[in-house]
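Excluded from the calculations below are hydrogen atoms, water molecules and symmetry mates; all remaining heavy atoms, backbone and side chain alike, are included. As the structure lists them, so they are numbered: ligands from 1, and atoms in each ligand from 1.
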Amino acid sequence: MTPELLRGPFQLRLVFLATMSLLAGTLGWLGWRLLQQDQQLSAQRMAERREAAADLAVAALDRWLAAIDQDVARLLAAGEPPKEAGDSALFLEFRPGTIRIWPQGQLLYLPDLAPSSEPPAGLFTTADQLEFQKHDYLGAIAALRHPAASSDPAVRAAALARIARNYRNAAQFRESLQYYQQVASLGVIPVAGMPAALAGALGEMAVFERQNDRASLRTTAAALARELYSGRWPVTLATYHYVVQEAVRWVPEAGHEPAQAMALTEAVERLWEQWHAGAALLVGRASAETSAGSVLSVWRGSGSRLAAFVAGPDFLEKQGTASQPPGLVLTSPDGRHVLGKQTAPGQRSAIRLASATQLPWNLLVFDANDTDFTAFRSRRALLIAAMAILLVMIVTGGWFIGHAVARELAVARLQSDFVSAVSHEFRTPLTTLCQLSELLKRGRVANEQDKQAYYDLLHGESHRLWRLVEGLLNFGRLEAGRMRFRLESLDTGELVRQSAAEFAQAQQAAGHCFDVETASTSSVVQADREALRCVLWNLFENAVKYSPDCDSVRVMVAGNAQGVEIAVRDQGVGIPRHEQRRIFEKFVRGSAARESNIRGTGIGLAMARQLVRAHGGDITVESEPGQGSTFRVLLPVKRT
Ligand code: ADP
């Protein structure tokens with residue numbers, strides 16, 4: 001807001017502010033509505049995308065499971081798996097009392113083919129089916145020589161174990177170890193209900209324990225756990241637990257079972273138990289919860305056989321959902337998390353329930369990336385920026401319009417003030433002229449001395465009128481740019497003295513005295529004599545007009561290499577600081593002038609400034625209200 005605008009009529013400012021607020025409000029509301037709609041649209045697009053992704057994911061998973069199902073059907077028909085199952089997955093076939101698995105080595109233990117309530121078989125203490133167990137050391141040696149021992153590796157393994165144990169009992173540890181190593185080298189051959197590889201290692205551990213050789217114990221226990229977890233050895237659950245327990249006694253870390261293998265093992269065990277319990281497993285897919293995660297089972301059964309495919313969480317992640325949308329989450333039908341990134345509560349998703357899709361899982365698709373919202377956010381930023389720019393443009397435009405209107409109003413007001421001031425200026429001398437000439441015409445002035453005084457007055461007033469008209473004409477010419485200057489070398493000091501003398505003479509009635517001081521330095525300038533006289537007269541006239549209580553005016557002329565300065569100082573009413581710049585504008589009159597009814601038209605200083613500037617100089621003012629004013633005319637010195 002400019003001071004002009006603030007000074008403008010109250011209604012104008014009110015209308016301007018109301019229009020601006022209305023525009024800004026409308027713009028803001030429109031923008032807000034637009035943003036809201038855009039946000040709704042983005043949310044709707046994202047929801048549609050989620051739904052489409054969910055449908056695609058269901059179809060893809062269904063195709064994938066159908067392909068697995070075909071493989072299982074072929075296995076059931078042909079008895080051989082159609083292909084490698086892959087990591088963390090296996091094909092299996094159950095027949096009464098038999099389990100076949102492809103590939104081998106995926107399970108930590110095998111289901112108990114004929115579950116019994118017997119406690120797990122302890123090493124070398126539980127009676128096994130071999131008669132050699134009842135024999136003593138010599139008996140065992142004899143048994144080794146027995147023809148059956150060489151042809152039946154199980155017989156041989158049991159004999160070796162017996163000898164090793166006897167050596168151990170006799171504290172002949174070196175020999176005992178040698179025999180246990182021989183037992184271990186027999187690998188998968190069963191000894192006391194477990195593979196000889198594990199039985200041998202356990203025997204070695206028993207020897208080390210007797211020897212109190214902890215280092216060897218730890219090494220052997222760790223190796224034993226590795227062997228067990230490799231899934232190479234067919235063991236029962238009871239043996240598995242027994243061996244783990246033995247290994248953990250010496251190496252606690254050995255208790256970390258491989259999760260994927262454990263998940264598969266538990267799932268196979270559960271499938272076996274169901275089948276063995278006589279469940280009608282014809283065709284099916286299920287997600288089984290195990291202690292190590294969710295496992296997928298796909299099976300087909302016929303008569304006394306069951307073929308199945310079992311896959312752990314790793315396989316599901318790598319194969320089943322490899323080409324799925326990144327925001328896919330699978331849960332079991334009872335709501336437990338199976339696969340995919342856990343999401344924050346409240347996040348929107350498309351849901352397909354297992355009951356509706358025939359998949360073994362509930363399927364949820366979340367927004368994996370928020371590209372739509374990112375785009376919305378950037379659109380929102382753009383819109384806000386555009387609205388801000390538009391608002392700034394509207395406010396700036398409004399400000400300029402308001403400014404221009406206020407200016408025009410101010411100019412119109414000034415012009416009307418000017419017209420009334422000029423009329424007033426004319427009326428005073430014209431009234432005097434009329435009255436005096438009337439008196440003289442009617443011969444009412446008999447006295448010659450009075451007549452002469454009246455003639456002087458007539459001359460003075462008509463001269464004043466002439467100067468007034470001349471001033472207005474000059475101003476008109478200046479404004480129209482038609483003023484012609486006749487430049488000549490002028491001694492400013494002399495011109496000032498001369499003008500002051502003439503002015504003082506013409507203003508004798510006012511009684512002001514002019515004190516002119518000229519410096520000794522040269523004050524020659526290149527200027528139009530009449531123009532400079534006009535400037536000086538305007539300044540002198542103002543100094544007299546606006547110093548009603550003080551009758552002395554000081555005029556100083558000083559020159560230097562750059563220019564000449566003429567200062568006109570009075571001790572009159574002074575000019576408030578905020579008016580000092582504007583009094584040089586045309587038609588502008590100061591508050592003091594208007595309030596004190598001091599006559600004037602408001603063009604004197606405007607004209608003086610234009611004239612001085614036309615000579616390459618400038619005019620300034622220093623003033624304090626009540627202290628007087630000093631006007632300085634600066635003219636560039638004549639260059640030779
Ligand atoms: P005006 O005909 O009103 O004197 P001018 O253009 O000469 O017009 O002056 C503009 C205004 O500047 C005046 O109305 C007055 O308020 C102020 N002014 C000019 N000279 C003086 C001065 N010497 N002392 C105080 N005020 C002055």
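- Taking the six-membered ring where the residue is Trp, the centroids of F485 and H615 are separated by under 6.0 Å.
- D528 approaches R484 most closely through the heavy-atom pair OD2-O, 4.0 Å.
- Per-residue contacts place S629 under 4.0 angstrom from the following atoms of ligand 1 (heavy atoms of the residue considered): 24 (N), 25 (C).
- At least one N/O-N/O distance between G604 and ligand 1 falls below 3.5 Å.
- Residue I575 places a heavy atom under 4.0 Å from ligand 1.
- Among the atoms of Y546, some N or O lies under 3.5 angstrom from an N or O of ligand 1.
- In summary, the side chains of R599 and T428 do not present any donor paired with an acceptor at a separation below 3.5 Å, with no hydrogens or angles considered.
- Under a 4.0 Å heavy-atom criterion, K545 is in contact with ligand 1.
- Using a 4.0 angstrom heavy-atom cutoff, F584 does not count as in contact with ligand 1.
- The parts of L605 lying near ligand 1 are both backbone and side chain, judged by heavy-atom distances below 4.0 Å.
- In the model, N362 has no side-chain atom that pairs as donor or acceptor with a side-chain atom of S332 under 3.5 Å.
- Close to ligand 1: G602, with a non-hydrogen atom less than 4.0 angstrom away.
- Proximity of V588 to ligand 1 is established by a heavy-atom distance of less than 4.0 Å.
- Protein heavy atom closest to atom 12 (O) of ligand 1, with residue, atom name and distance, is I583 CG2, 3.4 Å.
- A donor atom on one side chain and an acceptor atom on the other are not found under 3.5 Å apart for E622 and S629.
- For E488, the CD atom counts as densely surrounded, since its 6.0 Å shell holds more than 12 non-hydrogen atoms of other residues, nucleotides or ligands.
- With respect to atom 7 (O) of ligand 1, the closest heavy atom belonging to the protein is N542 ND2, 2.9 Å.
- Looking at G590 next to ligand 1, an N or O pair under 3.5 Å apart turns up.
- For atom 2 (O) of ligand 1, the nearest non-hydrogen atom of the protein is T601 N, 2.8 Å.
- For atom 3 (O) of ligand 1, the nearest non-hydrogen atom from the set R589, R609, Q580, R594 belongs to R589.
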